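None of these values were measured; they are calculated from a predicted model.
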Amino acid sequence: MSFKKKLKNYFTLDDEYEYVEDEQEEKPPHTQEKTAAASKNVVNLSSIQNTSSKVVLAEPRNYNEAQDIADNIVNRRAVIINLQRVDHQQAKRIVDFLSGTVYAVKGDIQKLGSETFLCTPDNVEITGSISEMLYEQEDYDKGW
């Protein structure tokens, strides 16, 4: 019985309506073969999708290494940057450069510590926050 007939039988108010037995629709044999072959080719997408993701740790020593860090962000990898080995002026330039890169890929940049930042592309979601009370005085002294 077709779906329309089942609905009609369910919602009918007419007492004189006769119930008709299920009617099997005959499909041509070639159609049945195609659907059987198609069902064998169906694959679960979650089994195909590679769910592994990488987090890159970077500790640049100068501004020239900012491009390598940006390449990781563009390749959809999260990057944690430690700027302790860079002087303050170059660290500011690196953060500015990476902010532009993150903006271009619609990602996010967050400060994790006094000289540590997390840059993520749009495929990584960041939840939660880190208390800034520990670093407020130190950041104020450095001019961040």
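Closest of all the heavy-atom pairs between P60 and I69 is CG-CD1, 4.0 Å. Taking each heavy atom of A70 and F97 in turn, the nearest pair found is CB-CE2, 3.6 Å. Taking both residues in full, the closest heavy atoms of A66 and L98 are given as O-CD2, 3.9 Å, listed atom of the first, atom of the second, then distance. Here the closest heavy-atom approach between residue I109 and residue S99 is recorded as CD1-OG, 4.0 Å.
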| task | Apply side-chain contact (heavy atoms from CB on, under 4.5 Å) to the pair V95 and F117, showing each step before the final yes or no. | result | CA-CA 8 Å; V95 170; F117 292 86; 3.7 Å; yes
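D87 is linked by a side-chain hydrogen bond (donor to acceptor under 3.5 Å, both in side chains) to nothing, counting only residues two or more places apart in sequence or in another chain. Every residue meeting the side-chain hydrogen bond (donor to acceptor under 3.5 Å, both in side chains) condition with R85, not counting sequence neighbours, appears here in chain and number order: E59. Applying the side-chain contact (heavy atoms from CB on, under 4.5 Å) rule to E125 yields the partners T127; only residues at least two apart in sequence or on another chain are considered. Take Y103 and apply the side-chain contact (heavy atoms from CB on, under 4.5 Å) test, not counting sequence neighbours, and it matches no residue. In this view, D108 and Q110 satisfy the side-chain hydrogen bond (donor to acceptor under 3.5 Å, both in side chains) rule, not counting sequence neighbours.
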What donor-acceptor contacts under 3.5 angstrom involve side-chain atoms of residues 73-81, with partners at least two apart or in another chain?
from: N75; atom 1: ND2; to: D71; atom 2: O; distance (Å): 3.1
from: R76; atom 1: NH1; to: D122; atom 2: OD1; distance (Å): 3.0
from: R77; atom 1: NH1; to: N72; atom 2: OD1; distance (Å): 3.0

